[in-house]
Structures are given as structure tokens and as C-alpha cells.
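Here's the structure we're looking at; comments come further down.
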Amino acid sequence: YDTATTRIFIHAYRTPAVAALVWSVFYARIPYVPSDIDQPSIRTQKIFTQVEPRLIFIDTDTAFYREQVSKMDTVVLWEKDSLMMLEVKEISPPVHHRELASVLFTSGTTGVPKGVMIPRANTVAFTRWMCQTFNVNETSRILSVSPLHFDLSVFDFFAPFFSCAASARMGAYERRP
């Protein structure tokens, strides 16, 4: 894949596989677009349409997969349990984004999803600042609780890699009452 034009849409619960994927695509300079797996399928579709991803990493147990993705013209690249990596066959001409790390979507005041482009340099600078400010190092333990589509997930995902700290994950199901 041309890393300057490929985008990956992630619609899955935070698992070790998703953590490995986020770090891998960051390292490969492929921007990722995380989606809230618990949001309504129609909102996910609006975000998906704006992003026009080349790759989709998705939990097949979701409404968005059943209602939308399963009907698309895709090629299965990888599948394990309920996780699947797909390539979208038809997308519009790509947008060049060599230095983009991710796109995080917010509803803003109108309720319409708006993408915020996060450059790689900002991701690195923010993570370094957090590690220095809070003295995160190889003896630290980071409890990872932020959902992938939330901006603080950048710290949860990247601080352990930048500082050799340990990461403990608290899954979505573990947080729910």
C-alpha cells in the first residue's frame, strides 16, 4: 500500500490486537481513524463516508458490519474470531497525507461528525511531553482506559512504547456497571 494515501478505519473494541494494529500503522505512517463501536450505525456510516478508507479493521459482531460493511465490495485480508481486516475495492482518488497520524471525530455543537486531523509530529510531541511531565519511564505502569476514538487514547497507546512502561488495559466491558 502507498502509505501516503492509505487510510485505515478501525471499528473494534480495544484489544491487544487493536493496540498492536495502532502502533503498527503509526510506525508504517498509515493514518488511522478510530470509530466508537457503541455509537449508532448511522453515525459510524457518516464518519466512514467522510474518511473513504482503503482498509477496514472491524469487529464483525457490530451493527455497522452487519448493516453496511458486509454489503460493500471488499476483499478479506485477514480474519480471526470476530475480527476482520478488509480492503475496500472502490474508493475515490486518495488524499496525500504523509505526515498525518490519525483522524479523531467529534460531534461538535451541530451533532454532525467532524474529523480533526492529528499530525504525527503532534502525537510524538504530546506523548513525549506527557512522559516527561509525569516522569513515565520503564518502571511505570499505565492503566489504559480511554476508548480508541477519544483523544487521550494517544497517551494510553503511545506512552508505553515511547518510555518502555508497562500497559494494563481496562476493556469496555470491565468499565460498565
Rounded to the nearest 0.5 Å, what separation is found between the CZ atom of F157 and the OG1 atom of T123?
12.5 Å
Are the side chain of R7 and the backbone N or O of I30 linked by a donor-acceptor pair below 3.5 Å?
no
If we only count heavy atoms from C-beta on, is the Y32 to P34 side-chain gap below 4.5 Å?
yes
Please answer: with hydrophobic residues joined when any side-chain heavy atoms are less than 4.5 Å apart, are L148 and Y27 in the same cluster?
no
Using the rule side-chain hydrogen bond (donor to acceptor under 3.5 Å, both in side chains), only one of E67, Q68, Q39 pairs with T44; which is it?
Q39
Do the side chains of I8 and V75 join up, straight or via other hydrophobic residues, at under 4.5 Å, putting them in one cluster?
yes
Does R120 count as lying over the ring of F26, i.e. NZ or CZ under 6.0 Å from the six-ring centre, within 45 degrees of the axis?
yes
Give me the atom names and distance for the closest heavy-atom approach of L143 to D156.
O-OD1, 4.3 Å
Side-chain heavy atoms of F158 within contact of F126, under 4.5 Å:
no
With side chains defined as the heavy atoms from C-beta onward, is the minimum distance between V88 and R54 less than 4.5 Å?
no
Can you find a pair of side-chain heavy atoms, one from E99 and one from P119, that are under 4.5 Å apart?
no
How long is the gap from CG on D73 to CG on L86, to the nearest 0.5 Å?
11.0 Å
Side chains of Q50 and F105: closer than 4.5 Å at any heavy-atom pair?
yes
Closer than 4.0 angstrom, basic N to acidic O: yes or no for D36 and R43?
no
With hydrophobic residues grouped by side-chain heavy-atom distances under 4.5 Å, do I42 and I37 end up in a single group?
no
For S153 and R14, the nearest pair of non-hydrogen atoms, with its separation, is CB-NH1, 4.3 Å
For a 4.5 angstrom cut-off between non-hydrogen side-chain atoms, does P31 reach S102?
no
Those residues at least two apart in sequence (or on a different chain) that pass salt bridge (charged side-chain N to carboxylate O under 4.0 Å, His left out) with D59 are none
Does some side-chain heavy atom of V18 sit less than 4.5 Å from a side-chain heavy atom of I10?
yes
Distance from I118 atom CD1 to L100 atom CG, nearest 0.5 Å?
8.5 Å
With rounding to the nearest 0.5 angstrom, report the OG1 to CZ distance, T60 to R66.
9.0 Å
Write out all pairs satisfying salt bridge (Lys or Arg N to Asp or Glu O under 4.0 Å) with one or both partners inside residues 16-26, taking only residues at least two apart or from two chains.
none
Please report the interatomic distance CG(L104) to CD1(I47), rounded to the nearest 0.5 Å.
10.0 Å
Centroid-centroid under 6.0 Å between F57 and F9 rings
no
Working for side chain to side chain contact (heavy atoms under 4.5 Å, CB included), residues L21 and M85:
CA-CA 11 Å; L21 174 71; M85 176 76 82; 3.8 Å; yes
Report the C-alpha separation of W78 and K80 in whole Å, then their side-chain angles, then the decisive distance to 0.1 Å, and conclude whether the side chain to side chain contact (heavy atoms under 4.5 Å, CB included) test is met.
CA-CA 7 Å; W78 177 84; K80 182 170 178 16; 3.6 Å; yes
Can you check side chain to side chain donor-acceptor pair (under 3.5 Å) on D38 and Y13, steps first, answer last?
CA-CA 9 Å; D38 293 321; Y13 286 110; 3.0 Å; yes
Do W129 and V124 sit in the same hydrophobic cluster, where Ile, Leu, Val, Met, Phe, Trp and Tyr count as joined when their side-chain heavy atoms come under 4.5 Å apart?
yes
Taking C-beta and beyond as the side chain, do P53 and F48 meet within less than 4.5 Å on heavy atoms?
yes
Pair T49-Q45, side-chain donor/acceptor within less than 3.5 Å:
yes
Starting at NE2 of H11, measure out to OG1 of T62 and round the result to the nearest 0.5 Å.
4.0 Å
Are V103 and V116 connected in the hydrophobic side-chain network, where two residues link if heavy atoms are under 4.5 Å apart?
no
Excluding sequence neighbours, so at least two apart, what forms side chain to side chain contact (heavy atoms under 4.5 Å, CB included) with A159?
T127, C131, I142, F155
Can I56 and V69 be said to form a side chain to side chain contact (heavy atoms under 4.5 Å, CB included), step by step?
CA-CA 9 Å; I56 306 168; V69 176; 4.2 Å; yes
Does the side chain of N137 come under 3.5 Å of the side chain of S163 through a donor N or O and an acceptor N or O?
no
M72 atom CE: more than 12 heavy-atom contacts under 6.0 Å:
yes
